[in-house]
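The next block holds one structure in the form of C-alpha cells; read it before the comments.
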Protein chains: 2
Amino acid sequence: MVRMDDDLVFKALADPTRRLLLDRLFERDGRTLTELESQLEMTRFGVMKHLKVLAQAGLVVSRKQGREKLHFLNPVPIRQIHDRWIDKYREREVSALLDLKTSLEDTA
Amino acid sequence: MVRMDDDLVFKALADPTRRLLLDRLFERDGRTLTELESQLEMTRFGVMKHLKVLAQAGLVVSRKQGREKLHFLNPVPIRQIHDRWIDKYREREVSALLDLKTSLEDTA
DNA sequence: ATGATAGGTGACTAAAAGGTCACATGTCAA
DNA sequence: TTGACATGTGACCTTTTAGTCACCTATCAT
C-alpha cells in the first residue's frame, strides 16, 4: 500500500492547536477562519498557518465562498493511521477493550 | 471520555524513525534495543531516546530479561485516535472507501 | 575476576516548528 | 467609491526536538 504523505499527516496531528481545530470541525463543518480564530488564544496568523498545515496533510479541505473560506474535516487519513498498526484480527479485541474502559469510566 | 496523554501519543507519532520502530514491532514483538538499532542509520543513543518517547506515550511497553530489554507494541492509543474523529456512523463508509482504494491500487 | 556485551544518563549542537507582525489583495455594503 | 471586513504572504524571533558523544552501570561467559 502506498503511503504518500503520511509524514505530513502525523506532523499535522502533533500540535494541540491543530487537533483542537479538527475537534471543532468534527462538531460542525464549514467554519471560516475568523470563526475558528475567535475561539482560540492566538492571532489570526497562527490559526491560518495551522489550517494550512492541516490542508497540506489532507485532513482539512476548504472551499471559497465570496470573501470567506469554509473549512471541512476529512477523516480518511485518520483511518489510514489506524489500519497501519491494527490488523483486522486484533481490531475486535482492541475495540472491545476500549468500549469496556469507556463504560467503566461512565459509571464511575 | 478522558484523554490523559494524547499529546504524548501524537508527538511520539510525529517522527518517522519512531513510526518505523512501531512498524518493526508490528511485524514482530519482543525485539531488543540492539536489534532495532542494527536496522537504522542512527546511533544506539538516538534509538534509545525514540524508544523512551514511545514508552512514555504508552505505544511501546518493555520488559527486562537479563541484561536485555524486550520491547512490545501497544495498539490501544492508536485506536483512541481513530475514535476521536471517526464516529461509528461514518466508520462504515470511510472504511469501505479505503478498501476500494486499496483494491484498485492492487489491480493497477 | 575480567573482558565483552547490553543498556542508561546528562550535556551539547543543529535543525525544525510555533507564533507574531507589517504589509497586501480581494470582497461586501452603503 | 470608499471604508470595513475576510483572507493571504514573507520575514522574523523563540522554543522545541533530533541526534551525538563522553561517561556510567549491570549482566554474561570463560
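Reminder, nothing fancy here: chain letters follow the sequence lines and each chain counts from 1. The structure displayed is predicted, hence computed values, not measured ones.
Axis angle across the helix from C/dA1-D/dT30 to C/dA30-D/dT1, with five pairs used at each end and values rounded to 10°: 30°.
With rounding to the nearest 0.5 Å, the separation of CG in A/Leu73 from CG in A/Asp29 is 6.0 Å. The CG atom of B/Leu36 sits 5.5 Å away from the CG atom of B/Leu25 when rounded to the nearest 0.5 Å. Atom CZ of B/Arg28 is separated from atom CZ of B/Phe72 by 10.5 Å, given to the nearest 0.5 angstrom.
Summarising the geometry of A/Val9 relative to A/Ile81, their closest heavy-atom pair is CG1-CD1, 4.0 Å, with the distance given to 0.1 Å. Of all the heavy atoms in B/Ala57 and B/Ala12, the pair that sits closest is CB-CB, 3.8 Å. Residues A/Met42 and A/Val47 approach most closely at SD-N, 3.8 Å, considering heavy atoms. Across all their heavy atoms, A/Gly30 and A/Leu70 have their closest contact at O-CD2, 3.6 Å.
Atoms CD (A/Gln65) and P (D/dT7) sit 11 Å apart, rounded to a whole Å. When the C1' atom of D/dA18 is taken as reference, atom NZ of A/Lys11 falls 10 Å away, rounded to whole Å. Distance A/Leu36 CG to D/dT7 C1': 13 Å, rounded to the nearest Å.
Close approach of DNA chain C to chain A, defined as any atom under 4.0 Å from a non-hydrogen atom of the protein, starts and stops at C/dA17 to C/dC28.
Sorted by first and then second residue, the pairs that involve residues 41-57 of chain B and meet side chain to side chain donor-acceptor pair (under 3.5 Å), not counting sequence neighbours, are B/Arg18-B/His50. For residues 63-78 of chain A, the side chain to side chain donor-acceptor pair (under 3.5 Å) pairs, not counting sequence neighbours, are A/Ser62-A/His71.
Of the residues in residues 38-58 of chain A, those lying under 4.0 Å from DNA chain C by heavy-atom distance are A/Met42, A/Thr43, A/Phe45, A/Gly46, A/Lys49, A/His50.
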Listed pairs, N/O of protein and of nucleotides 2-5 of chain D, under 3.5 Å:
residue, atom, partner, partner atom, Å
D/dC5, O2, A/Arg67, NH1, 3.3

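When the nearest nucleotides of DNA chain C are assigned to A/Thr17 and A/Lys64 by heavy-atom distance, the more 5′-ward of the two goes with A/Thr17. Both A/Ala14 and B/Thr32 sit near DNA chain C, but only B/Thr32 has its closest nucleotide nearer the 5' end.
The pair B/Asp83-A/Arg79 does not meet the salt-bridge criterion, since no charged nitrogen lies less than 4.0 angstrom from a carboxylate oxygen. With respect to the salt-bridge test (charged N to carboxylate O, under 4.0 angstrom), the residues A/Arg84 and A/Asp6 qualify.
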query: Taking it one step at a time, do B/Asp7 and B/Lys11 satisfy salt bridge (charged side-chain N to carboxylate O under 4.0 Å, His left out)?
result: CA-CA 6 Å; B/Asp7 193 62; B/Lys11 287 259 165 60; 3.2 Å; yes

message: Is there a salt bridge (charged side-chain N to carboxylate O under 4.0 Å, His left out) between A/Arg24 and A/Glu27? Walk through the geometry before answering.
response: CA-CA 5 Å; A/Arg24 306 287 296 114; A/Glu27 290 170 22; 2.6 Å; yes

